[in-house]
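Notes to accompany the following structure.
All chains are named by letter (A, B, ...) in the order of the sequence lines, taking the proteins before the strands, and each is independently numbered beginning at 1.
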Amino acid sequence: MPTPPRGDLAVPALLLAPRLLGAVLTSDVGAHSVSVRLTEVEAYEGALDPASHAYRGMSARNAVMFGPAGHLYCYFTYGMHWCANVVCGVDGVASAVLLRAAEVIAGLDTARARRPKTRKDTDLAQGPARLATCLGLDRATNGVDLLDPASPVRLEDLPSRRPQGTRSGPRIGISRAVEHPWRFWLADNPTVSRTPRSPSPRGTDPGR
DNA sequence: AGGACGATTAACT
DNA sequence: GTTAATCGTCCTC
């Protein structure tokens, strides 16, 4: 599995996000290996984006977002869930892509064990906190280098261009900057967390 | 020091 | 469709 050059990730989240669709993430946390193929992501553009954790500057929680591209930003929310981002942009500028959903392509038994009540395999990583649970991501994996072959979590495949069948629409679960269509997903993929009724929100369909 | 709220999920009506 | 769970973070006083 080829590791992408770091320079490919040193771009704004809006550019990287659709290209992450189809990319493979592998976790070796806890001596168990799980691999997923990303199907849904969201771009968060740091200081320019009122919905970003980095909008009001650096803090202990979001410090990883301000570092170099290719690292993992994990955060705890709602008192019980962990979610994960791929940090992008140039060093010093906060930019990141939230990993919202994926399909499990290896380590299915481990993924099922981590999500014991899940019936359908397409639900295992359907949602950002579910995805993090499947891969065993939490405080311990915050900041790890996804491009280091020795890292417990690695980004192993990055499509050379935006895959066919990409769709976009408003981000989910935020209260500010709700109008930006900065959520991206693979059309007709059963693992996408919330499929819009219409093919795509008005005018945001990048084409099939 | 206190309190509102959150890049969510599962369970319920 | 609605809501409880549950606590770290950040804003305000």
To the closest 0.5 Å, what do you measure between [atom1] ([X]) and [atom2] ([Y])?
{"X": "A:Trp82", "Y": "A:Arg139", "atom1": "CH2", "atom2": "CZ", "result": "4.0 Å"}
{"X": "A:Asp121", "Y": "A:Gln126", "atom1": "CG", "atom2": "CD", "result": "12.0 Å"}
{"X": "A:Arg154", "Y": "A:Asp145", "atom1": "CZ", "atom2": "CG", "result": "11.5 Å"}
{"X": "A:Leu137", "Y": "A:Arg114", "atom1": "CG", "atom2": "CZ", "result": "8.0 Å"}
{"X": "A:Tyr55", "Y": "A:Tyr44", "atom1": "OH", "atom2": "OH", "result": "15.0 Å"}

Say whether, by atom type as modelled, one donor and one acceptor occur between the side chain of [X] and the main chain of [Y] under 3.5 angstrom.
{"X": "A:Arg171", "Y": "A:Ala43", "value": "yes"}
{"X": "A:Asp49", "Y": "A:Ala51", "value": "yes"}
{"X": "A:Arg100", "Y": "A:Val192", "value": "no"}
{"X": "A:Glu42", "Y": "A:Ile172", "value": "yes"}

Cluster check A:Val87, A:Val144: I/L/V/M/F/W/Y, side chain < 4.5 angstrom: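 No, it is not one cluster - the side chains of A:Val87 and A:Val144 are not joined through contacts under 4.5 Å.
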In one Ile/Leu/Val/Met/Phe/Trp/Tyr side-chain cluster, 4.5 Å: A:Val34, A:Leu146: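 Yes; tracing contacts between hydrophobic side chains, which count when under 4.5 Å, links both residues.
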Between the side chains of A:Asp91 and A:Arg6, is the shortest nitrogen-to-carboxylate-oxygen separation below 4.0 Å, so that they form an ion pair?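 Salt bridge between A:Arg6 and A:Asp91, a charged N being under 4.0 Å from a carboxylate O: no.
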Side-chain contact test, heavy atoms from C-beta onward, threshold under 4.5 Å: evaluate it for [X] versus [Y] and give yes or no.
{"X": "A:Glu103", "Y": "A:Asn189", "result": "yes"}
{"X": "A:Ser33", "Y": "A:Thr26", "result": "yes"}
{"X": "A:Val36", "Y": "A:Leu124", "result": "no"}

Classify the side-chain pair A:Glu45/A:Ser95 by whether it contains a donor and acceptor separated by less than 3.5 Å.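 There is such a pair (donor and acceptor under 3.5 Å, judged by atom type) between the side chains of A:Glu45 and A:Ser95.
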State, to 0.1 Å, how close A:Leu98 and A:Pro128 come at their nearest heavy-atom pair, and which atoms those are.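 Between these two residues, the closest heavy atoms are CD1-CB, 4.3 Å.
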Determine the minimum heavy-atom distance between A:Ala23 and A:Asp157, stating which atoms define it.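 So the two residues come closest at CB-O, 2.8 Å.
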Write down the distance separating the P atoms in B:dG2 and C:dT6, rounded off to the nearest Å.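 Their P atoms lie roughly 23 Å apart.
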When the P atoms of B:dA7 and C:dG1 are compared, how many Å lie between them, rounded to an integer?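 To the nearest whole Å, 23 Å.
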May I ask you to decide if the ring planes of A:His53 and A:Tyr75 are parallel, tilted or perpendicular, using 30° and 60° as cut-offs?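 Ring orientation, 0 to 90° scale: perpendicular.
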Given atom [atom1] of [X] and atom [atom2] of [N], what is their separation to the nearest angstrom?
{"X": "A:Asn142", "N": "B:dA7", "atom1": "CG", "atom2": "P", "value": "15 Å"}
{"X": "A:Arg115", "N": "B:dT8", "atom1": "CZ", "atom2": "C1'", "value": "11 Å"}
{"X": "A:Met65", "N": "C:dT9", "atom1": "CE", "atom2": "C1'", "value": "15 Å"}
{"X": "A:Tyr44", "N": "B:dA7", "atom1": "OH", "atom2": "C1'", "value": "4 Å"}
{"X": "A:Lys120", "N": "B:dT9", "atom1": "NZ", "atom2": "C1'", "value": "15 Å"}
{"X": "A:Glu45", "N": "B:dA7", "atom1": "CD", "atom2": "P", "value": "17 Å"}
{"X": "A:Glu179", "N": "B:dA7", "atom1": "CD", "atom2": "P", "value": "16 Å"}
{"X": "A:His180", "N": "B:dA7", "atom1": "NE2", "atom2": "C1'", "value": "14 Å"}

Collect all protein-nucleotide pairs involving nucleotides 1-4 of chain C in which both atoms are nitrogen or oxygen and the distance is under 3.5 Å.
none

I need the residues from residues 121-136 of chain A with at least one non-hydrogen atom less than 4.0 Å from DNA chain C; give them sorted by number, or say none.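 Listed by number, there are none.
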Within residues 48-64 of chain A, find the residues that approach DNA chain B with a heavy atom at under 4.0 Å, and present them sorted by residue number.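 Output list: A:Ala51, A:His53.
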N/O-N/O pairs, protein side and nucleotides 5-7 of chain C side, under 3.5 Å:
residue, atom, partner, partner atom, Å
C:dT6, O2, A:Tyr78, O, 2.4

Is any side-chain nitrogen or oxygen of A:Arg100 closer than 4.0 Å to OP1 or OP2 of B:dT8?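 Affirmative; the distance criterion is met.
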I want to check one thing: is the phosphate of B:dT8, taken as OP1 and OP2, less than 4.0 Å away from some side-chain N or O of A:Arg171?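 Answer no for this pair, as no side-chain N or O of A:Arg171 is under 4.0 Å from OP1 or OP2.
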For DNA chain B, produce a single dot-bracket line, 5' to 3'. Pairs: Watson-Crick or G-U wobble, both distances under 3.5 Å. Symbols: ( ) within strand, [ ] crossing, | other strand, . unpaired. ||||||.|||||.
Is there any protein nitrogen or oxygen under 3.5 Å from a nitrogen or oxygen in nucleotides 11-13 of chain B, and what are the pairs?
none

At under 4.0 Å between heavy atoms, what does A:Arg176 touch on the DNA or RNA strands: base, sugar-phosphate, or nothing?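 Answer is nothing: A:Arg176 stays at 4.0 Å or more from every strand.
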For A:Leu98, which contact category applies under a 4.0 Å heavy-atom criterion: base, sugar-phosphate, or nothing?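 The answer is base, as A:Leu98 lies within the cut-off (heavy atoms under 4.0 Å) of a base atom.
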